[in-house]
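Have a look at the structure below before the remarks.
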Amino acid sequence: HLSCECGREGPKLGHLQEQFEENREFWRQRLRQVPLHIPDGTYVGHSTCNDYTSALGAGQKVLSYTYYSPWRDGIRSYRNEGPTDTKQRFLSLLEPLAQSAKTLYPGWRLRIYHNVTVEDSQAFFSLCRLYCQHEHVDLCDTRQLPGQGDLNTRFPVGRFWRFQVVGDLTVAMFGVRDTDSYLSEREVAAVQDWVASGHQWHVMRDGQQATMLAGLWGGHNYADMNLASLARAALLDVTPNLRKDYDQQILKDRVWPLIR
């Protein structure tokens, strides 16, 4: 992360981009394959996280999370008992998540889509420490996502940012999770069963009420990138709304009919 004191060495992005552009027609055809078979680490264009994850290339397995500061705009605002008062709680959960992800999901990366600035010193320090101490953790600043621009301004609904992994060509497989939900061996067993099944989509439930829980589902993009792209559009081509259950409502009304 450019603003953190530590750095990471990866493939030279400029060179990768030049080669990709020189063979654009070849890649345009290749990336239409269903299912998509492509060697891990192959550069396939921008990721939806940062330049480093773009350079890491294809085949990434990602657990996707959001950490955000509440959005305010004149009329709408979060109440006092909302996310502002739980900032310390959510920050304290990130380190255990990083540790458990490394243990329970070996080979997977953990992306955190965020809008933290240097001015928010407590959160900024916590995220940088997490990034510097855990090689598998990637920070995705929603104000400057590759190919997306300033998502924080354009779509200021933090719970939706973690859905950026859907249809991301660098992400073979993903799980969307809640920051305040611990990873468990039971969950991992369910994910392993899903992977072995060959199905493209995985939806877990903790009761009979919700069609899809926003933090308990995942997908295999490469099984059918066309369908993954449709699911991405269904999720993200909507009008921003700060209602707390808006993400789950969109999943139920627009995504579930596509993937069920």
[X] side, atom [atom1]; [Y] side, atom [atom2] - distance, nearest 0.5 Å:
X      : Y      : atom1 : atom2 : value
Leu16  : Ser54  : CG    : OG    : 10.0 Å
Cys132 : Phe125 : SG    : CZ    : 9.5 Å
Gln33  : Leu31  : CD    : CG    : 8.0 Å

Flag yes if more than 12 heavy atoms outside [X] fall under 6.0 Å of its [atom1] atom; otherwise flag no.
X      : atom1 : value
Gln29  : CD    : yes
Arg243 : CZ    : yes
Glu21  : CD    : yes
Arg28  : CZ    : yes

Answer yes if the side chains of [X] and [Y] hold a donor-acceptor pair under 3.5 Å, and no otherwise.
X      : Y      : result
Gln99  : His134 : no
Tyr68  : Thr142 : no
Gln164 : Arg111 : no
Gln249 : Asp253 : yes
Tyr246 : Arg159 : no

Less than 4.5 Å apart, side chain to side chain, heavy atoms only: is that true for Arg177 and Glu187?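 They are in side-chain contact.
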Considering only heavy atoms from C-beta outward, does the side chain of Tyr43 approach that of Pro11 to under 4.5 Å?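 Heavy-atom side-chain distance check fails, nothing below 4.5 Å.
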Can the ring centroids of Phe155 and Phe160 be said to lie less than 6.0 angstrom from one another?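 Yes; Phe160 has its ring centre under 6.0 Å from that of Phe155.
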Ring centers of Trp217, Phe174 separated by less than 6.0 Å: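 Between Trp217 and Phe174, the centre distance is under 6.0 Å.
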Tell me if a side-chain donor or acceptor on [X] pairs with a main-chain N or O of [Y] at a distance below 3.5 Å.
X      : Y      : value
Asp150 : Asn152 : yes
His114 : Leu127 : no
Thr66  : Gly158 : yes
Gln144 : Gly149 : no
Thr103 : Ser100 : no
Trp201 : Arg260 : no
Asn221 : Val171 : yes

Leu213 vs Gln248, side chain to side chain contact (heavy atoms under 4.5 Å, CB included): CA-CA, chis, key distance, verdict: CA-CA 6 Å; Leu213 292 169; Gln248 293 197 172; 3.6 Å; yes
Identify the two heavy atoms, one from [X] and one from [Y], that lie closest to each other, and give their separation to 0.1 Å.
X      : Y      : answer
Pro39  : Thr42  : O-OG1, 2.8 Å
Pro146 : Cys49  : CD-O, 3.2 Å
Leu151 : Leu145 : CD2-CD1, 3.9 Å
Val166 : Ala228 : CG1-O, 3.6 Å
Thr179 : Leu93  : O-CD1, 3.7 Å
Asn50  : Thr53  : OD1-N, 2.8 Å

Decide side chain to side chain contact (heavy atoms under 4.5 Å, CB included) for Thr48 and Thr170; before the verdict, give the C-alpha distance in whole Å, the side-chain angles of both, and the deciding distance to 0.1 Å. CA-CA 8 Å; Thr48 60; Thr170 66; over 6 Å; no
With a distance cut-off below 6.0 Å to the six-membered ring centre and an angular limit of 45° from the axis, does Arg205 pair with Trp256 as a cation-pi contact?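 Positive - Arg205 is close enough to the ring of Trp256 and near enough to its axis.
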State whether Tyr131 and Arg8 meet the cation-pi test: NZ (Lys) or CZ (Arg) under 6.0 Å from the six-membered ring centroid, and within 45° of the perpendicular axis.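 Cation-pi check for Arg8 and Tyr131: passes.
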Any chain of hydrophobic side-chain contacts (each under 4.5 Å) joining [X] to [Y]?
X      : Y      : value
Val165 : Leu36  : no
Val157 : Val255 : yes
Leu235 : Leu242 : yes
Leu169 : Leu63  : no
Val44  : Leu56  : no

Just do the side chain to side chain contact (heavy atoms under 4.5 Å, CB included) check on Glu135 and Arg109 with the steps written out, would you? CA-CA 9 Å; Glu135 190 281 332; Arg109 305 194 67 77; 3.6 Å; yes
Apply side chain to side chain contact (heavy atoms under 4.5 Å, CB included) to Glu95 and Leu130, showing your working. CA-CA 7 Å; Glu95 175 63 29; Leu130 196 73; 3.4 Å; yes
Would you indicate whether Cys4 and Cys128 have their SG atoms under 2.5 Å apart?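 Disulfide present: SG-SG distance under 2.5 Å.
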Quick test of your reading of the model: are Arg162 and Asp178 salt-bridged, counting only N-O distances below 4.0 Å?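 Salt bridge flag = yes for Asp178 with Arg162.
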Mutual orientation of the aromatic rings belonging to His220 and Tyr222 [parallel < 30°, tilted 30-60°, perpendicular > 60°]: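 The arrangement is tilted - the two ring planes meet at 30° to 60°.
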